[in-house]
Amino acid sequence: MGRAVALVQEQKETRKIRRCFRSAPAPGWFGGVGVLPADVCGRRMRSVAVAQASDMPTVSVKRELLFQALGRRYADEEFDELCFEFGLELDEITSEKDIISKEQGDGKVEGASDIILYKIDVPANRYDLLCLEGLVRGLQVFKERIKAPRYKRIMPANGDVQRLIITEETAQVRPHAVAAVLRNITFSKDRYDSFIDLQEKLHQNICRKRALVAIGTHDLDTISGPFTYTARPPSEIRFKPLNQSKEYTASEIMDLYRTDSQLKHYLHIIENKPLYPVIYDSNGVVLSMPPIINGNHTKISLNTRNVFVECTATDITKAKIVLDILVTMFSEYCEKPFTVEAAEVTYHNGKTCIYPELAYRREKVKPDLINKKIGISETPSSLAKLLTRMCLKSHVTGNGNNIEIEIPPTRADIIHACDIIEDAAIAYGYNNIQMTIPKTYTIANQFPLNKLTELLRQDLAAAGFTEALTFALCSQEDIADKLGVDISSTKAVHIANPKTAEFQVARTSLLPGLLKTIAANRKMPLPLKLFEISDIVVKDSTKDVGARNQRNLCAIYYNKNPGFEVIHGLLDRVMQLLAVPPSKESGYLIKAAEDSAFFPGRCAEILAKDQSIGKLGVLHPDVITKFELTMPCSALEINIEPFL
């Protein structure tokens, strides 16, 4: 079992290390100069905290569809390595049936698909990789199988440009809008699903859950321009919402979707506004009421040939990026691939803009700077080739003193020289960079709590216990019902929108995780002796975030007899290592206590440093049974922070 636990831990640590090399770069100004505010490595490591705090988008693609688009098959390990080389991570290999089983239970899987899905983690700033089309395009260019396409904005053949007129009333709610047309596009079921999924990914990511930008896509053949984007009182807006059979007023629509699991999260954006935004065609047909719902009249289908795309926004820059990403990803399915028909947007003050912009821009970076920041010695032409593989078409200019890079409209993440250097490093391969000793002399010191943790880990292992690494999130049942306590008394931090029943709250004890580990390893030879030293999370109103981490030590002994003396002996050894003598005045002592998780009369509270630091004892049979165990066991859990 020790090897199995160690293997799981090694895999998790490897994933953590890999993620350190994939976090999104922090914003900055390109500047066009050779001096940077910080080197690439520094930016990467600092942004790890950002990547952990924000949710990295995960793209689910059908394995067979992906291999078909790539033009070859890969073994799972081979594709995982390809993703790593490209700066991505193959997070999970699963299926629709497995996902439903995990989230809703085995009883809900009837009729679910067995098709293998790859779940790929994508950096939060790479909006061009959020769908199969962009992912395949990026990988093919990276492997030099194709050249990066050139995206073009074209005018309609008859010269009749679709117009979107913005009225003055929208300034109170969502003042900006952009638009474009995907002309003569061909959808299949998979393409259609990908088109819808990309919109949802963008909504959750750069659009900040539709607060900044809301996307609407419409069957252009069912409506006629010019289109008017205005704002009206809710009682004056009436239309049939998407997939509904009758008309509702805007107020009724808000009530209708108040219990909808998906749309209810967006209602707050406009529900307290005196006017609601709405888009009409020239005949008064409602296209959408952004950012809530589209009209059913303009619903696109597999037979749709012309798509009118509109994005309403509070941030015009984000709106331009979102429009560019959506149309460039799916313009490859148009009759003229990678072309997008322009649309004209007219503001109430007479200002006119043509969208999408699909702007290419050029930047220059010195090869010496790239080599210095990455720690390599490549020629300018070699560096230009590396950048070209990352969809940044590059060539050497002058006497080789500069590399000119063309930034395509799909790469809104390139905003500073560091971003270009980062892509060069990815293409070169982080594993190919030779490690060197830094020239800067600094003296580091280990964080005291981590130092204490490391020292205790070694001695607990020497005492014959095997270390386990369990999840920081668990179900409410694990920390409450199974331990015989009410969830309200646990001070647990709840996840606002949990994806699975297994991860509903942050753990308030290490004990459930160890019990579940033993349950998964029941067939191993007895006794099982496990320990873990990790953080728990509890509510704390004195902290600015309302919660705090606490470093706990937990150990458990599972055998045919309870083995209380083994756990008690381990406590004495830990206290001996901490130089805390068994003394009432200046050391530690244990006294009888009651706890629903422990057998009556077989539980003791541990006192040290003038406070209660934890408990030890024989677990209650009900607790053991609820964790699907059959043998008695003893456990110990203490807070080690007071001993710093």
Heavy atoms of other groups near E64 CD, more than 12 under 6.0 Å:
yes
Of all heavy-atom pairs linking L358 and D324, the shortest is N-OD1, 3.5 Å
Taken in chain and number order and not counting sequence neighbours, the residues that satisfy side-chain contact (heavy atoms from CB on, under 4.5 Å) with L242 are I293, N296, K299
Here the pair of heavy atoms bringing I270 nearest to P290 is CD1-O, 4.1 Å
* Asked: Under 3.5 Å, is there a donor-acceptor pair linking the side chains of S224 and S282?
  -> yes
Identify every side-chain donor-acceptor pair in residues 227-234 under 3.5 Å, counting partners at least two apart or on other chains, and give the distances.
| unit_1 | atom_1 | unit_2 | atom_2 | d |
| --- | --- | --- | --- | --- |
| Y229 | OH | R174 | O | 2.6 |
| T230 | OG1 | T167 | OG1 | 2.9 |
| R232 | NH1 | Y280 | OH | 3.1 |

For K143, the side-chain contact (heavy atoms from CB on, under 4.5 Å) test, sequence neighbours excluded, returns L82, E85, R145
Residue set satisfying side chain to side chain donor-acceptor pair (under 3.5 Å) with S288, at least two apart, ordered chain then number -> E310
- Query: Is the NZ atom of K393 crowded by more than 12 outside heavy atoms at less than 6.0 Å?
  - Reply: no
- Item | Minimum side-chain heavy-atom gap K264-Y257 below 4.5 Å | no
query: Would you say R210's side chain and C207's backbone share a donor-acceptor pair under 3.5 angstrom?
result: no
Residue set satisfying side chain to side chain donor-acceptor pair (under 3.5 Å) with K318, at least two apart, ordered chain then number -> none
TODO: For the residue pair N294 and L287, establish whether any side-chain heavy-atom pair is separated by less than 4.5 Å.
DONE: no
Distance-only polar pair, side chains of R191 and T186, donor-acceptor under 3.5 Å: no
Sorted by chain and residue number, the ring-ring contact (aromatic ring centres under 6.0 Å, His included) partners of Y192 (sequence neighbours excluded) come out as none
**Report entry** Cationic N near anionic O, under 4.0 Å, K62 to D190
**Finding:** yes
Hits for ring-ring contact (aromatic ring centres under 6.0 Å, His included) against Y266, two or more places apart or cross-chain, chain-then-number order -> none
Could you check whether any side-chain N or O of S394 sits under 3.5 Å from a backbone N or O of L392, counting only pairs where one atom can act as donor and the other as acceptor? yes
| Backbone of V340 reached by a side-chain donor or acceptor of S331 within 3.5 Å | no
M329 side chain near R137 side chain, heavy-atom distance below 4.5 Å | yes
Can you tell me if N306 uses its side chain to pair, donor with acceptor, with the backbone of N184 under 3.5 Å? yes
query: Looking only at atom types and distance, does a side-chain atom of R153 sit under 3.5 Å from a main-chain N or O of I354, one as donor and one as acceptor?
result: yes
Per ring pair (Phe, Tyr, Trp, His ring centres under 6.0 Å), F330 is matched among F338, F195, F187 by F195
Sorted by chain and number, sequence neighbours left out, salt bridge (charged side-chain N to carboxylate O under 4.0 Å, His left out) with D128 holds for R126
Ignoring hydrogens and geometry, is there a side-chain-to-backbone donor-acceptor pair from H203 to I215 under 3.5 Å? yes
Note to self: Could you check whether any side-chain N or O of H416 sits under 3.5 Å from a backbone N or O of C418, counting only pairs where one atom can act as donor and the other as acceptor?
What the structure shows: yes
4.5 Å side-chain heavy-atom contact, V309 and L323:
yes
* If we ignore angles and hydrogens, is there a donor and acceptor under 3.5 Å between the side chains of T304 and D219? -> yes
Residue pairs passing the salt bridge (charged side-chain N to carboxylate O under 4.0 Å, His left out) test with at least one member in residues 335-350, sequence neighbours excluded, are R163-E344, R183-E341
Between V178 and I316, is there a side-chain heavy-atom distance shorter than 4.5 Å? yes
Inset, instruction - Check whether any side-chain heavy atom of Y347 lies under 4.5 Å from a side-chain heavy atom of H176, and answer yes or no. - result: yes
K189 meets the side chain to side chain donor-acceptor pair (under 3.5 Å) criterion, sequence neighbours left out, with D193
| Test item: side-chain donor near acceptor, E133 and Y333, under 3.5 Å | yes
R63 meets the salt bridge (charged side-chain N to carboxylate O under 4.0 Å, His left out) criterion, sequence neighbours left out, with D76
Hits for salt bridge (charged side-chain N to carboxylate O under 4.0 Å, His left out) against R362, two or more places apart or cross-chain, chain-then-number order -> E404, E406
Side-chain heavy-atom pair Y118, F67 within 4.5 angstrom cut-off = yes
Notebook entry, point to check: Does any N or O in the side chain of H297 come within less than 3.5 Å of the main-chain N or O of T222, such that one atom is a donor and the other an acceptor?
Noted result: yes
